[in-house]
Visitor: 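Quick one: this structure, given as structure tokens, is what I'll be asking you about.
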Amino acid sequence: MKNSLQNKLVVWLGIAIMIISLFASGVSFRLAFNQAQSFQDDGLRQIAQLVDNYKTPLDEERILESMDSDLKRIVVQPVIASPNSLPPLLNLPENLSTGYHTLNIDGLYWRVYVYATRLGRQVAVAQEATVRNSMARKSALLTLMPLLVLIPVLILVSRRIIKAEMASLRTLAGIIDTQNEERLSELPAVSMPDEVAPFIHAINRLLQRINLMNESQRRFIADAAHELRSPLTALSLQAQNIERTGSFAISKERLVPLKDGLERSRHLINQLLDLVRQQASKTNLLPVDLEKAALAVIEEMMPIAEARKIDLGLSREATVQIDADASAIQLMLRSAVENALRYSPLGGEVTVRIGSEDGDAILEVIDNGPGIPEAELERVFEAFYRLPNTRQIGSGLGLAIARSIADQFNGSITLRNRTSGTGLVFTYRQRQSLTEI
Amino acid sequence: MRILLVEDDQMIGDALSMALRDAAYAVDWVKDGETALRALENQEHDAVLLDLGLPRRDGLEVLKQLRANEGSLPVIIITARDGVEDRVKGLDLGADDYLTKPFDVEELLARLRATLRRQGGQAASLLSNGIISLDPSTYEARIGEVVCRLSAREFSLLQALMIRPGTILTRTQLEEKLYGWNEEVESNAVDFLIHGIRKKLGVDAIKNVRGAGWMVARGK
């Protein structure tokens, strides 16, 4: 509990209370002490007045000594003893002015009040200071007592209050600890101290985000399992169809769909791996020349384009480069070109266009297929989503992978239908790189 | 026996149609819920194989709609959804059986036979009119002491007649049991098959009602 807020609060509050009480005690001690002293000084002055009022001039030579009930020695004597009088009790310095003095006489402290008589002689009324001080201290200490009692009480009470307030935090921790990680529920903000509320709200917002993420992950895994089952079902049916025939020729004929089924499984698994790899990879930004990337993808896709008699070409309107990862950008472009080739009619045309606009690099794939209904333009980015009633056997992951890549480089992907004629335009847009090639 | 296959996956649909045809079922294959419901309106099918994840109309909705129309058509759900909840929901909505993908063709065919049998009110696996008994799992027909194996198509035709002995089926009705929509009906196929069956089981096995069609005798 080295970093315990509670302990810290108790310790610091305790220290603060101690310091403040000590300071307050000091001040009040000082005040009480001073007051006691000034009372006693008044006493000295009154004695002096009494002596002055009732003594004859002769008496001024006299030396009085008395002890009061508290064993206070009080001495009244002239400051300068006359030669014919008794030796003075106290050896006072000769040049004492009228008023109060604290003097060290023969090792003892004395409080001395010097006054001038009507005859002009200086008479001193002295009281032993040690006695005086202990008296004053005693009365001052009495005023300290309540404060000294208060210190431990204050510390104890503050400790209790803090502990009680902290209990709600412990309850909160308990709630968090017992959460089911599969389904995180919101923390209660009521009955918590106001200071903790923003913290709880922040945690709740985080929990919500985690829940959403968990939910989408769960859905993805469920979808992935489902999607893996379909090609597997097809494969098992296709294999059994071959098994059932007695004829070699028919078996051979039935191998064709089995091969397609294998190809489909391979494609799906590759896509799944691509997606997972894409989401897990850490971004390593390097300048990527879009033309090079486009050429690599076009080369790779040429056989498919030729098989479908599609005119696949490049339109380079600007030389642009972006900060990204070349293989990821190619993977994204491949998804787009694959889709374009798949949905374009036989003998169609697919163009990869590289351009720039307002400092953004633009990478487009334009086809002349049927396009996508406006309502579906956003949904097609969902993993495993395929347009209803398409004969194409895709994994439904291509665009999800592409978007995941775009997000990685702070780029954006949009799909729009061509306004002139039919077809789809896939647009990737990212800030152009500042570094020169 | 004519089966409506509702399956949106091109490859599975292709392979399953082939497997069913190999087993002498006539297959009509549709790929979405709407089309499935329209196909069912014609009431020409003996059973439905229904996928659940369908475009336009979910499989469960199709099932609900079908049962709401008081159709008692046998329905087997074939789906990749394997949750208990999904099974319970499917069966509660009136499916006769539930098969999770991937499945074995033999199992599907056995379940299909069992479902059709229950539909005909028979618990025994053999179809019988008291004279002929027919085993759907082996395609073996027995008449008295004679046991012989029929071809898939022959079995299919005889089965159609044996489900309700005494009922006359026309040539068109028999052809419907033998061919799916997009299959070309071979002319004289019915005559050819009946000839084959009579050769194996005797001329009296199938009776010809002039101008009407064919029937097997109702058992005594």
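Per chain, numbering begins at 1; letters A, B, ... match sequence-line order.
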Visitor: Where do B:M11 and A:A234 come nearest, in terms of heavy atoms and distance?
Guide: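 For B:M11 versus A:A234, the nearest heavy atoms are CB-CB, 3.8 Å.
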
Visitor: Does atom CZ of B:R57 have more than 12 heavy-atom neighbours from other groups under 6.0 Å away?
Guide: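 Counting other residues, nucleotides and ligands, CZ of B:R57 exceeds 12 neighbours.
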
Visitor: By a 4.5 Å heavy-atom criterion (distance strictly below it), what part of B:T79 contacts chain A: side chain, backbone, both, or neither?
Guide: neither

Visitor: So, does A:R229 use its side chain to make a donor-acceptor pair with the main chain of B:K101 at under 3.5 Å?
Guide: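 At least one qualifying donor-acceptor pair exists.
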
Visitor: Sort out for me which of B:D104, B:L54, B:T100 touches chain A most, counting heavy-atom pairs under 4.5 Å.
Guide: B:D104

Visitor: Can you see which heavy atom on B:A19 is nearest to which on A:R244, and at what distance?
Guide: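 Taking B:A19 first and A:R244 second, the nearest heavy atoms are CB-NH2, 3.3 Å.
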
Visitor: Counting only heavy atoms not in B:K200, do more than 12 fall under 6.0 Å of its NZ?
Guide: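 Correct, the count exceeds 12.
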
Visitor: Please determine if A:R254 and B:D14 form a salt bridge, counting it only when a charged side-chain N lies under 4.0 Å from a carboxylate O.
Guide: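 Answer for the salt bridge query: no.
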
Visitor: State whether the number of non-hydrogen atoms from other residues, nucleotides or ligands found under 6.0 Å of A:R218 atom CZ is greater than 12.
Guide: yes

Visitor: Please determine if A:R264 and B:D9 form a salt bridge, counting it only when a charged side-chain N lies under 4.0 Å from a carboxylate O.
Guide: yes

Visitor: At a heavy-atom distance under 4.5 Å, which candidate from A:D260, A:L228, A:L237, A:T245 has the highest pair count against chain B?
Guide: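 If we count pairs closer than 4.5 Å to chain B, A:L237 comes out on top.
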
Visitor: Would you say A:Q238's side chain and B:A15's backbone share a donor-acceptor pair under 3.5 angstrom?
Guide: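 No; zero donor-acceptor contacts below 3.5 Å.
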
Visitor: Calculate, to the nearest 0.5 Å, the distance between atoms CD1 and OG belonging to B:I12 and A:S236 respectively.
Guide: 9.0 Å

